[in-house]
There are 2 protein chains.
Amino acid sequence: MQITSRFTIAVHVIACIDYFKDDYKVTSGFLAKSTGVNPVIIRGVLSQLKEAGIVNVRQGASGIALAKPLGEISFYDIYEAVDSVKDDGLFRFHENPSEECPVGRNIHAAADSRLMQVQRAMEDEMKRIRVSDVADDIRSRIQAQEA
Amino acid sequence: MQITSRFTIAVHVIACIDYFKDDYKVTSGFLAKSTGVNPVIIRGVLSQLKEAGIVNVRQGASGIALAKPLGEISFYDIYEAVDSVKDDGLFRFHENPSEECPVGRNIHAAADSRLMQVQRAMEDEMKRIRVSDVADDIRSRIQAQEA
DNA sequence: GTAACTTGTAATGTGATATATTACAAGTAT
DNA sequence: ATACTTGTAATATATCACATTACAAGTTAC
C-alpha cells in the first residue's frame, strides 16, 4: 500500500499558494486546475491544512493564504494534517491471531515496538524536509526552462 | 493508507515455522489457524517468501521450513518479498498536474527525490530489524506467562 | 441588496485493491 | 489407493480513495 495522493496534493497546493500569492487570486478552482484534482478534494485538503494551522481559508472569501512561511512547514506537518495514518499506524496488523497459539498470543506485543520504530524513522525523516526545499527546487527548474 | 497485513502475517508465519519446527508438522492449515488468516492467503504469502529464498515449500509435501536462520531474515527482506510497494514507491503521486502551470509542470521532479529520501529512511530502518528480534521477544513473553 | 463569485459539506458513484472463500488440479507419503 | 499436502484460478465482499453532483452559506463588488 501507499501513502495517499492527498499528501502530494497538499505539498503541491502549498507550493502554489506561495508561488502565485502576488500575481493571482488563488482559489480552490485555481488549485484544482494546477493539480488536476477535483475542487471538492482540494477544499477537503485545504480544510485539513487549515485545521493544522498551515493555511488560512475563509468560507465565501476568495484568496487562500499560508499561515506560516514555507520554511516552517515540514513534510511531517502535512502528513500529520492530511493523512489519518497517524491513528492506525503505518502497518496494518492481521486482526485475529490465535489466542491458543503461544506465538499468536504474543506476536502483536512482540512486533509492535519494532513496527513503531520503523514508522518513527520515516516520520523523523519527514520532519527534516520542508516545503521550501521543494519550492526552491521548483523555482530553479522554472528558471532553467525560461533560459 | 497502510502497509498490507501480508507483512505482519509473513513475520508471524516465519516466527511460527521456527518456533514449532521440532514439535509439529507445520502446514499452511496450521499457520492459517495460528494467524487467523485464510489458508489460501497463507499459501500466497509462502509462495512469495519462497521466491525470495526465505522459506522452503514443496507442492504436496507437508513440512514447511526456513531457508535461512531467523537472524538472517530482516524486516526489509520480508517487506520486499510480500509487498509490491517497491514497484510504485511508498508515496502515491497525483497523476495529472497541469502542464500549463509552472508549479504543476515541475512539482513531480522537484518532490520525487525527497519522497525517495523518506522511503529510504524507512527501508533502512527495516534492514536493521531481524525476525530473530521478534522471536526472542516472543519466547521471553511465553516464559513469563508460564511462570 | 442583489448578482456573481467564493468555501463547506453531504450524498452518491466508481474503480481499485485486500482479504475471504470455493473449487479443484497436482504433488507427496504412508 | 487413500489421505493428506501445496498451487492457483475464479469469484465474492468489503473498504477506501477519489470524482462528481448538488446545494447551503458566506463574501465582495457593483
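Sequence lines set the chain letters: A, B, ... in the order given, protein chains first and strands last, and positions in each chain run from 1. Predicted model, so just to flag it, every value in this text is computed and none were measured.
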Exercise. Could you run down nucleotides 20-29 of chain D 5' to 3' and tag each one B, S or - for protein heavy-atom contact under 4.0 Å?
Worked result: BB---BBSS-
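Side-chain atoms of A:R6 and A:Q48 include a donor-acceptor pair closer than 3.5 Å. A:S5 and B:R92 are not linked by any side-chain donor-acceptor pair at a separation below 3.5 angstrom, with hydrogens and angles left out of the test.
What separates CD of A:Q48 from P of C:dT7 is a distance of 16 Å, to the nearest Å. In this structure, the NZ atom of B:K50 is 11 Å from the C1' atom of C:dG27, given to the nearest Å. Regarding B:I64, its CD1 atom lies at a distance of 15 Å from the P atom of C:dT28, rounded to whole Å. Distance B:F93 CZ to D:dC18 P: 13 Å, rounded to the nearest Å. Remark: C1' of C:dT19 and CG of A:N96 are 12 Å apart, rounded to the nearest angstrom. Rounded to an integer number of Å, the gap from CG of B:L49 to P of D:dG7 is 11 Å. A straight line from CD of B:E51 to P of D:dG7 spans 11 Å, rounded to a whole angstrom. Taking atom CD1 on A:I3 and atom P on D:dC16, their separation rounds to 17 Å, with Å as the unit.
At least one donor-acceptor pair closer than 3.5 Å links the side chain of A:T8 to the backbone N or O of B:H94. B:E125 places no side-chain N or O within 3.5 Å of a backbone atom of A:A121 that could act as its donor or acceptor partner.
In this structure, A:Y79 and A:Y76 have tilted ring planes: the angle between them lies in the 30° to 60° band.
For the pair B:R139 and B:D136, the salt-bridge criterion is not met [side-chain N within less than 4.0 Å of a carboxylate O]. In this structure, B:D77 does not pair ionically with B:K127, as no charged nitrogen and carboxylate oxygen lie closer than 4.0 Å.
Nearest nucleotide to the B:S5 side chain, out of D:dC18, D:dG7, C:dT19: C:dT19. Relative to the side chain of A:T27, the nucleotides C:dT6, D:dT6, C:dA18 differ in distance, and C:dT6 lies closest. Among the nucleotides D:dA19, D:dC18, C:dT19, the one closest to the side chain of B:R92 is D:dC18.
When each of B:K25 and B:G44 is assigned the nucleotide of DNA chain D with its nearest heavy atom, B:K25 is the one assigned upstream, toward the 5' end.
In this structure, A:L46 reaches neither bases nor backbone, as no heavy-atom distance under 4.0 Å exists between it and the strands shown.
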